[in-house]
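Some notes on the structure that comes next.
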Amino acid sequence: MPNIELNEQEQIRRNSREELKKLGINPYPADEYRENASIQGILAEFSPDRKNFQDVSIAGRIMSRRIMGSASFVELQDATGRIQLYVRREDISTDENATLYNTVFKKLLDIGDIIGVKGFVFTTQMGEVTVHVKEFTLLSKSLKPLPIVKEKDGKVYDAFTDPEMRYRQRYVDLVVNPQVRDVFVKRTHLVNSMREFLNQRGYLEVETPVLQPLYGGAAARPFKTHHNTLDQTLYLRIANELYLKRLIVGGYDGVYEFSKDFRNEGMDRFHNPEFTQVELYVAYRDYAWMMNLVEEMIEKVALDLHGTTQVKVGDRIIDFKRPWKRYTMYEAIREYTRIDISNMDEARLIETANKLGVPVDPTMGKGKIIDQIFGEKCEPNLVQPTFIMDYPIEMSPLAKKHRSKEGLVERFEAICNGKELCNAFSELNDPIDQRERFEQQLILGKRGDEEAMVLDEDFLRALEYGMPPTAGLGIGIDRLSMIMTNQGSIQDVLFFPQMRPEKKAVTDEPATYTALGIQEAWIPVLQKMGFLQVSMLKELNPNKLHQDLCGFNKKNKMELKNPSQEEVKEWITKIG
RNA sequence: CGGCUCGUAGCUCAGCUGGUAGAGCACGUGACUCUUAAUCAUGGGGUCGUGGGUUCGAUCCCCACCGAGCCGACCA
């Protein structure tokens, strides 16, 4: 009996699975399948003169089939690439009916199935390197049809592009879009490259809590959860800064962590609720020193990934070659607005903002206004990597006051392609100053700023024991990956970006149907016809419903026993 | 949160000043031993996102909702 929940193609594949079992072929064998070559390796190294790869064993997914009677061509895809297979009836089938070729290969295998093949490599008349198959093994039967993407002369036809499906079913995206797999490989290389850089300098990679009784280290709204045994509220970390600095207090002179952080805020092309950041803290260093490290590290990343410091992003080339441009925030504003705001008081700043068309509101302090002007007028213009130094103190409660400039802190960001690439400062290690800064944040919090930091007594206690002068750094890995892989959206550098859940239509329990005297076998039929809840049958014409049911039964070859007209009538009266 | 756009077959898309739908690929059947977006013949496949409204009649017009994308707001 057909399963009407399935579409035709899914049904056919399930039938094939049964047929295979009848032929004694396990569609999901347990045995290992030992490969002795990769597709990429074959394509790169095969040479007809050398007569290499004459006994290869490879495994992968069938991506296309061209069947011509007793000979066929198949494209097989493994993790490294795609290669053509040549399959001949006489090579793989010995019995009279040639079952293995005529039935198993031609009828019961599909695009999407995973198989292993043994054979020898040769070049076809068309000049394509191909594996001549002597033996194949089904390794996994695929029950859902893949999107079919075709290609000729580098031109892609029917590309699988629907973003919703690509993100929700990333596995499908990865199967049919090899460039997507590359992006994620690059992302991993990027992280490896940074880790290598940091390890080489002797910094210690550490792990700190994700579940925190107090969240801190950034201005953001947290996710809240609850621990049963402790009966206590815990927060998912928004940053790991405060824990890493405790480790500097403890005596390590360089610690870093690649951490998943969580911020309960908006989602868009640049924001996902969970994201990855690397934070680094180095004792006895300052922000000027850290600037050099950032340049060096990011330049290395670009070189490791691309072999050059120049990276194509959209329609521009970004060059990470050292040294990068450096501006103080005031200089940057002067550069892009021709106005020197370094000595302005709050009233004149508001006036300037108004003149520049930068929206400000009365709750903003001096620092916030300056930051706003910078964000509006400068940041979008900074395409090539540029350091911006010396931020207003109000925005930076964990940064040390500037050694010589009043009202500023020793902080820098690197801006690239109009976006922040990193954030760093000379860490505040004066516990009394730090307490005052936290208290300022508490006031903001009381005024309703949901992102204001909370006061962390234990962190202050740690500082009171003494933290060496320390340089700290945070780099958003997702944002950097976007740039380094030329992707326009954060969702393209996260395997599984956050999505609203897929909603399934609400259906009544089978018991609700059977209570009316409806036989179980008819429930899927009724639901398929759109009667997801019994209440939807109400006030229906019983004769019409009866006819529809019998018709459905016949059309879909359900071979169910039709209910009588009276029975159907009874169902409907029972609802009423 | 606001503006715009989109949601039709397994996939990519067309369609209609409103008369319950078409193509290509995929799939089924048949032909074909070096093909390559294989080809040829033939066939099946759709509650046109969901729910209301207008209408004799809605996939199309209107409203609401759900989901997605882009832009903006907020936010780093």
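So that the names make sense, note that chain A is the first sequence line, chain B the second, and so on, each numbered from 1. What you see is a predicted model, and the numbers here were worked out from it, not measured in a lab.
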Practice prompt. Would you indicate which nucleotide in B:A26, B:A76, B:U36 comes nearest to any side-chain atom of A:E128?
Written response: B:U36

Anything under 3.5 Å between a donor and an acceptor, one on a side chain of residues 477-494 of chain A, the other on a protein residue two or more places apart or in another chain? List them.
residue : atom : partner : partner atom : Å
A:D478  : OD1  : A:R187  : NH1          : 2.9
A:D478  : OD1  : A:R187  : NH2          : 3.1
A:D478  : OD2  : A:T276  : N            : 2.7
A:R479  : NE   : A:F270  : O            : 3.1
A:R479  : NH2  : A:F270  : O            : 3.3
A:S481  : OG   : A:I477  : O            : 2.7
A:T485  : OG1  : A:S481  : O            : 2.6
A:N486  : OD1  : A:G314  : N            : 2.7
A:Q487  : NE2  : A:T485  : O            : 3.2
A:S489  : OG   : A:Q491  : N            : 3.2
A:S489  : OG   : A:Q491  : NE2          : 3.1
A:D492  : OD1  : A:Y167  : OH           : 2.9

Worksheet entry | Rounded P spacing from B:G51 to B:U8 in Å | 16 Å

Discussion item. Using a heavy-atom cut-off of 4.0 Å across all strands, would you classify A:F122 as base, sugar-phosphate, or nothing?
Written reply: base

Worksheet item: Reckon A:R168 has a side-chain N or O less than 4.0 Å from the OP1 or OP2 of B:A68?
Response: yes

Fill in: All side-chain hydrogen bond (donor to acceptor under 3.5 Å, both in side chains) counterparts of A:D371, not counting sequence neighbours
none

Item to complete: Please say whether the positively charged group of A:R65, taken as NZ for Lys or CZ for Arg, lies over the ring of A:F105, i.e. under 6.0 angstrom from the six-membered ring centre and within 45 degrees of the axis.
Response: yes

Discussion item. With a 4.0 Å limit, can you tell me whether A:Q491 has a side-chain N or O closer than that to the phosphate oxygens OP1/OP2 of B:G69?
Written reply: yes

Item to complete: Quote, to the nearest angstrom, the C1' distance that separates B:C63 from B:U55.
Response: 16 Å

Worksheet item: With respect to the side chain of A:S489, which nucleotide from B:C34, B:G69, B:C70 is positioned closest?
Response: B:C70

Discussion item. Students often get this wrong, so: under 4.0 angstrom with heavy atoms, is A:E151 touching a base, only sugar-phosphate, or nothing?
Written reply: sugar-phosphate

Worksheet item: Could you walk me through whether A:S142 and A:R13 pass the side chain to side chain donor-acceptor pair (under 3.5 Å) check?
Response: CA-CA 7 Å; A:S142 160; A:R13 286 176 181 229; 3.2 Å; yes

Discussion item. Checking A:K141 now: which residues fulfil side-chain hydrogen bond (donor to acceptor under 3.5 Å, both in side chains) with it, not counting sequence neighbours?
Written reply: A:D110, A:D113

Practice prompt. Considering just the side-chain nitrogens and oxygens of A:K107, establish if one lies under 4.0 Å of OP1 or OP2 belonging to B:G30.
Written response: yes

Worksheet item: ring-ring contact (aromatic ring centres under 6.0 Å, His included): which pairs involve residues 360-393 of chain A, sequence neighbours left out?
Response: A:W324-A:F387, A:F387-A:F412

Discussion item. Once side-chain hydrogen bond (donor to acceptor under 3.5 Å, both in side chains) is applied, do any residues pair with A:K51, and if so which ones, sequence neighbours excluded?
Written reply: none

Worksheet, complete the sentence: Rounded to whole Å, the CE-C1' distance (A:M68 to B:G30) equals 17 Å

Worksheet item: CG of A:D478 versus P of B:C75: gap in Å, rounded?
Response: 21 Å

Discussion item. Between the base of B:U36 and the side chain of A:E75, is one N or O donor paired with an acceptor at under 3.5 angstrom?
Written reply: no

Worksheet, complete the sentence: In whole angstroms, the gap separating P of B:A23 from NZ of A:K150 amounts to 18 Å

Worksheet item: On a whole-Å scale, what distance lies between the C1' atoms belonging to B:C13 and B:C6?
Response: 13 Å

Discussion item. Once salt bridge (Lys or Arg N to Asp or Glu O under 4.0 Å) is applied, what residue pairs with a partner in residues 374-389 of chain A remain, sequence neighbours excluded?
Written reply: none

Worksheet item: Could you give the CE-to-C1' distance, from A:M499 to B:C66, as a whole number of Å?
Response: 14 Å

Practice prompt. Sticking with atom P, work out how far B:G3 lies from B:A64, rounded to a whole angstrom.
Written response: 10 Å

Item to complete: Write out all pairs satisfying salt bridge (Lys or Arg N to Asp or Glu O under 4.0 Å) with one or both partners inside residues 150-159 of chain A, taking only residues at least two apart or from two chains.
Response: none

Worksheet item: Do any N or O atoms from the side chain of A:T99 and from the backbone of A:T103 form a donor-acceptor pair under 3.5 angstrom?
Response: no

Worksheet entry | Touch class at under 4.0 angstrom, heavy-atom based, for A:A218 against every strand present | nothing

Practice prompt. Tell me which of A:E413 and A:G488 sits closer to the 5' end of RNA chain B, going by the nucleotide each one is nearest to.
Written response: A:G488

Discussion item. Would you measure the distance from the C1' atom in B:C27 across to the matching atom in B:A23 and give it in whole Å?
Written reply: 16 Å

Worksheet item: Just by protein heavy atoms under 4.0 Å, how would nucleotides 4-14 of chain B read 5' to 3' in B, S and -?
Response: ------BSS--

Discussion item. From CD1 of A:I111 over to P of B:G28, roughly how many Å is that when rounded to an integer?
Written reply: 9 Å

Worksheet item: Short question: side chain of A:T124, backbone of A:M126 - any donor-acceptor pair under 3.5 Å?
Response: yes

Worksheet item: Under 4.0 Å between a side-chain N/O of A:R66 and OP1 or OP2 of B:U35, yes or no?
Response: no

Worksheet item: Could you go step by step and tell me if A:E257 and A:N240 meet the side chain to side chain donor-acceptor pair (under 3.5 Å) rule?
Response: CA-CA 8 Å; A:E257 179 172 13; A:N240 38 0; 3.0 Å; yes

Worksheet, complete the sentence: Separation of B:A76 atom P from A:E241 atom CD, nearest Å, is 15 Å

Discussion item. Expressed as a whole number of angstroms, how long is the span from A:N15:CG to B:G28:P?
Written reply: 11 Å

Practice prompt. Kindly express the pairing pattern of RNA chain B in dot-bracket notation, using | wherever a base pairs with another strand and counting only Watson-Crick or G-U pairs under 3.5 Å.
Written response: (((((((..((((........)))).(((((.......))))).....(((((.......))))))))))))....

Worksheet item: NA contact type, A:R500, heavy-atom cut-off 4.0 Å: base, sugar-phosphate, or nothing?
Response: sugar-phosphate

Worksheet item: Given the C1' atoms of B:A21 and B:A37, what is the spacing between them in whole Å?
Response: 27 Å

Worksheet item: When the distance from CD1 of A:I490 to C1' of B:A76 is rounded to whole Å, what number comes out?
Response: 11 Å

Worksheet item: When you compare B:U47 with B:U20, how far apart are their C1' atoms, in angstrom units rounded to a whole number?
Response: 11 Å

Item to complete: Go through the structure and list residues passing side-chain contact (heavy atoms from CB on, under 4.5 Å) with A:L43, not counting sequence neighbours.
Response: A:I39, A:I83, A:V129

Discussion item. Checking A:Q9 now: which residues fulfil side-chain contact (heavy atoms from CB on, under 4.5 Å) with it, not counting sequence neighbours?
Written reply: A:N7, A:P145

Fill in: Neighbours of RNA chain B within residues 260-274 of chain A, by heavy-atom distance under 4.0 Å
A:R263, A:E265, A:R269, A:H271

Practice prompt. Determine the Euclidean distance between corresponding C1' atoms of B:C40 and B:G52; express it in Å to zero decimal places.
Written response: 50 Å

